[in-house]
Amino acid sequence: MAFKLLASLLALAALSNAALIKKATCADGRTTANAACCVLFPILDDIQENLFDGGECGEEVHESLRLTFHDAIGFSPALFKQGKFGGGGADGSIITFDTIETPFHANGGIDEIVDAQKPFVAKHNISAGDFIQFAGAIGVSNCPGAPRLEFRLGRPDAKQPSPDLLVPEPFDDVTKILNRFADAGFSSDEVVALLASHTIAAADHVDETIPGTPFDSTPNVFDSQFFIETQLKGTLFPGTAGNQGEALSPLHGEIRLQSDGDLARDSRTACEWQSFVNNQSKLQRAFKAAMAKLAVTGQDTRKLIDCSDVIPVPKALTGKAHFPAGFSKADVDQACAATPFPTLPTDPGPVTSVPPVPPS
Ligand code: HEM
């Protein structure tokens, strides 16, 4: 009996010891599950202070999130099957081979954040592919309502640039967009989840006369307003008419991409689109899972180390899903045949205009 008790006590001690050993304490006192992740804390601090203006969810965060996608989607098994180089996915090639990739048409405006991130990659001992995904995950953590994204470390340097024409364009039709994503390994539900990124986003180059025009009324908050507002009937162009890839928007100061408007209304994606309205926990779960996949596109995940616990925990959402002032369910283009659009409150007051995202 005494022997049994001693044995179980010893087993318990061994277990808690293992748990203690597993957690590494880094030089600055912060802890992480794996000592190899300690190198990330000084990079995290530098990014927050000097790239994201002290931890904002502003323009650089939006651009850094866009960059995670434009780097990762440069991966095409279909091209490899044809015996061509199909790209290395989330390998940092958009920074390493920036003179080749940033001029691709679909990468319009991406040179700004590439130029802003390059000195950080040069200064720290980290690959461009790791840096892009790390900065994206940290950036998203600055946006209230966002999920805490995963981060894996260890992408090798890119050896070749991505081929052109792999990044979707806002004027592509839904079939072309879904086929491109399917080639890279993403289902239509995952495409919709990834587009939650457009809730913290603005366009500088779709209509060059109105830079910083957001896709929803709350571009600094990770909420479901993007999914609500893209479903409202479009009535106006916030700037000039006739821009390639732009659709009518419901609100002054807000821009709608043709691709977002189409995906919100297509029978293959409309119900998933609508399902995120007023369902913050589903939105967070789906975006987190799809981003985890995007961030390792084309990579050998067995060689990556899970450093997710280095990513800060985002603040919770405070606002509630709503129709912008002056709008109601009557303004919704009902596209999901299976389920009616959720009932939402309307913001009080007269119809407003959405202010632009300021440059920083
Ligand atoms: C159908 C696929 C997509 C299309 C056609 C598309 C297109 C665009 C376009 C045209 C812009 C505006 C760029 C500008 O004029 O400055 C933009 C911005 C943005 N996109 Fe997408 N996008 C797609 C998917 C994604 C995905 C999957 C992500 C991330 C996971 C993403 C993240 C962003 C972000 C964060 C911005 C805002 C950048 C800023 O505010 O500076 N997009 N997108």
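Model, not experiment: these values are computed from the prediction. Both ligands and their constituent atoms are indexed starting at 1 by order of listing.
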Can you give me every donor-acceptor pair (side chain of residues 346-354, partner residue at least two apart or in another chain, under 3.5 Å) with its distance?
unit_1 : atom_1 : unit_2 : atom_2 : d
T346   : OG1    : F327   : O      : 2.7
S353   : OG     : H252   : O      : 3.3

Exercise. Mark yes or no: K293 above the aromatic ring of F186, with NZ or CZ under 6.0 Å from the six-membered ring centre and no more than 45 degrees from the axis.
Key: yes
Quiz item: Under the side chain to side chain donor-acceptor pair (under 3.5 Å) rule, what pairs show up with a residue in residues 71-87, not counting sequence neighbours?
Solution: S76-D183, Q82-K84
Exercise. Quick one: which residue pairs count as a side chain to side chain donor-acceptor pair (under 3.5 Å) with a foot in residues 112-124, not counting sequence neighbours?
Key: D46-K123, D46-H124, S64-Q117, D98-K118
Please list, in number order, the atoms of ligand 1 under 4.0 Å from a heavy atom of [X].
X: L194; answer: 27 (C), 30 (C)
X: V206; answer: 10 (C), 15 (O)
X: H205; answer: 14 (C), 15 (O), 16 (O)

For ligand 1, does [X] get within less than 4.0 Å through its side chain, its backbone, both, or neither, judged by non-hydrogen atoms?
X: M291; answer: side chain
X: D204; answer: both
X: A203; answer: both

Quiz item: Is any NZ, NE, NH1 or NH2 atom of the basic residue among R155 and D91 found under 4.0 Å from an Asp or Glu carboxylate oxygen of the other?
Solution: no
Quiz item: With a cut-off of 2.8 Å, which protein N/O/S atoms are close to atom 21 (Fe) of ligand 1, if we only count those under it?
Solution: H198 NE2
Quiz item: Between F215 and H198, how do the two ring planes meet: parallel, tilted or perpendicular, split at 30° and 60°?
Solution: tilted
Quiz item: Is the shortest heavy-atom distance from the side chain of L232 to the side chain of D333 under 4.5 Å?
Solution: no
